[in-house]
Amino acid sequence: MKHLSAQDLESLNHWPGLVDSHIHLDSEAYEQDLEDCLNRAQLQGVTTMLLPGTDVRSSTRIAQLLGKHEQLRGALGIHPHQAEKYDAHETPADWAALLKQANWSAIGETGLECHYDFCPLEIQKRSLE
C-alpha cells in the first residue's frame, strides 16, 4: 500500500464533497493510522467513504466503525472470493444480527467473479443467492 506524503497531498486538487465509493478501512492495514487516514481524506474534500464488507468478519468490523465515524457508510456482503465462507445455516443469522448493529447503505461486496479463479463458480452462485 502506497503512503502519500504531505507533498503528494498538496499536489492534489481539493474538491469538496468527494465520495470514496470503495475503501476497505476495516482491513488491518488501517488499524494503526485510521484516524490519520480519515483526517487526510477530509482535508482533501472526501466527505463520505463506503466500506464494502467481504465476509462476516469484515462486516462486523465495519459495523463497529460505522458507529464511530459519521462520514463512513457500509455495504453488508460477502465477496465472491470468500464465498466458501458462506454457511447457509449460520451466515443469514449473522447478517440479521449485523443489520441491527449499524445503519447499512448498500449490499456488497458480492456477485460473481469470473476473471479470477479463487472460488468455484457454483459456490459463488450459492453465496449470491
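Residue numbers start at 1 and run along the sequence shown. Remember, predicted model here, so these are calculated numbers, not experimental data.
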Is there a side-chain contact between [X] and [Y], using heavy atoms and a 4.5 Å cut-off?
X	Y	answer
Pro80	Tyr116	no
Arg40	Asp33	yes
Leu50	Val19	no
Leu66	Trp104	yes
Glu35	His69	yes
Pro120	Glu84	yes
Leu121	Leu112	yes

On a heavy-atom basis, which atom in [X] and which in [Y] lie closest, and how many Å separate them?
X	Y	answer
Ala63	Leu98	CB-CD2, 4.1 Å
Gln44	Leu18	O-CD1, 3.9 Å
Thr110	Leu128	OG1-CD1, 3.8 Å
Ser59	Gly77	OG-O, 3.5 Å
Thr48	Arg73	CG2-CG, 3.7 Å

With rounding to the nearest 0.5 angstrom, report the [atom1] to [atom2] distance, [X] to [Y].
X	Y	atom1	atom2	answer
Tyr86	Asp94	OH	CG	10.0 Å
Ser127	His81	OG	NE2	12.0 Å
Leu51	Asp26	CG	CG	6.0 Å
Gln82	Ser58	CD	OG	7.5 Å

message = Test of understanding: with salt bridge (charged side-chain N to carboxylate O under 4.0 Å, His left out), list the residues that count as partners of Glu31, not counting sequence neighbours.
response =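 Glu31: no salt bridge (charged side-chain N to carboxylate O under 4.0 Å, His left out) contacts found.
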query = Should we count CG of Asn103 as having more than 12 external heavy atoms under 6.0 Å?
reply =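 Not more than 12 within 6.0 Å, no.
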ask   = Can Glu129 and Arg126 be counted as an ion pair, charged N to O under 4.0 angstrom?
value =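 No, Glu129 and Arg126 are not salt-bridged.
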Joint hydrophobic cluster, Leu99 plus Leu65, side-chain heavy atoms closer than 4.5 Å =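 Yes; tracing contacts between hydrophobic side chains, which count when under 4.5 Å, links both residues.
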inquiry  = Let me check something: do Leu38 and Tyr30 share a hydrophobic cluster, defined by ILVMFWY side-chain heavy atoms less than 4.5 Å apart, either directly or through other members?
reply    =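 The answer is yes; both residues are in one hydrophobic cluster.
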ask   = Listed by chain and number, what are the side-chain contact (heavy atoms from CB on, under 4.5 Å) partners of Asp20, not counting sequence neighbours?
value =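 Asp20 satisfies side-chain contact (heavy atoms from CB on, under 4.5 Å) with Ile23, Val46, Met49 only.
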key: Any donor-acceptor N/O pair, Thr91 side chain to Asp87 backbone, under 3.5 Å   =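 Pair found, side chain donor or acceptor close to backbone of Asp87.
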message = Checking the side chain of Gln124 only, and the main-chain atoms of Cys119 only, is there a donor and an acceptor separated by less than 3.5 Å?
response =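 Yes: the side chain of Gln124 pairs with the backbone of Cys119.
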message = Using side chain to side chain contact (heavy atoms under 4.5 Å, CB included), reason through Val56 and Glu90 one step at a time and then give a plain yes or no.
response = CA-CA 10 Å; Val56 172; Glu90 294 180 15; over 6 Å; no
query = With sequence neighbours left out, what residues match His22 under ring-ring contact (aromatic ring centres under 6.0 Å, His included)?
reply =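 With sequence neighbours excluded, His22 shows a ring-ring contact (aromatic ring centres under 6.0 Å, His included) to His24, given in chain and number order.
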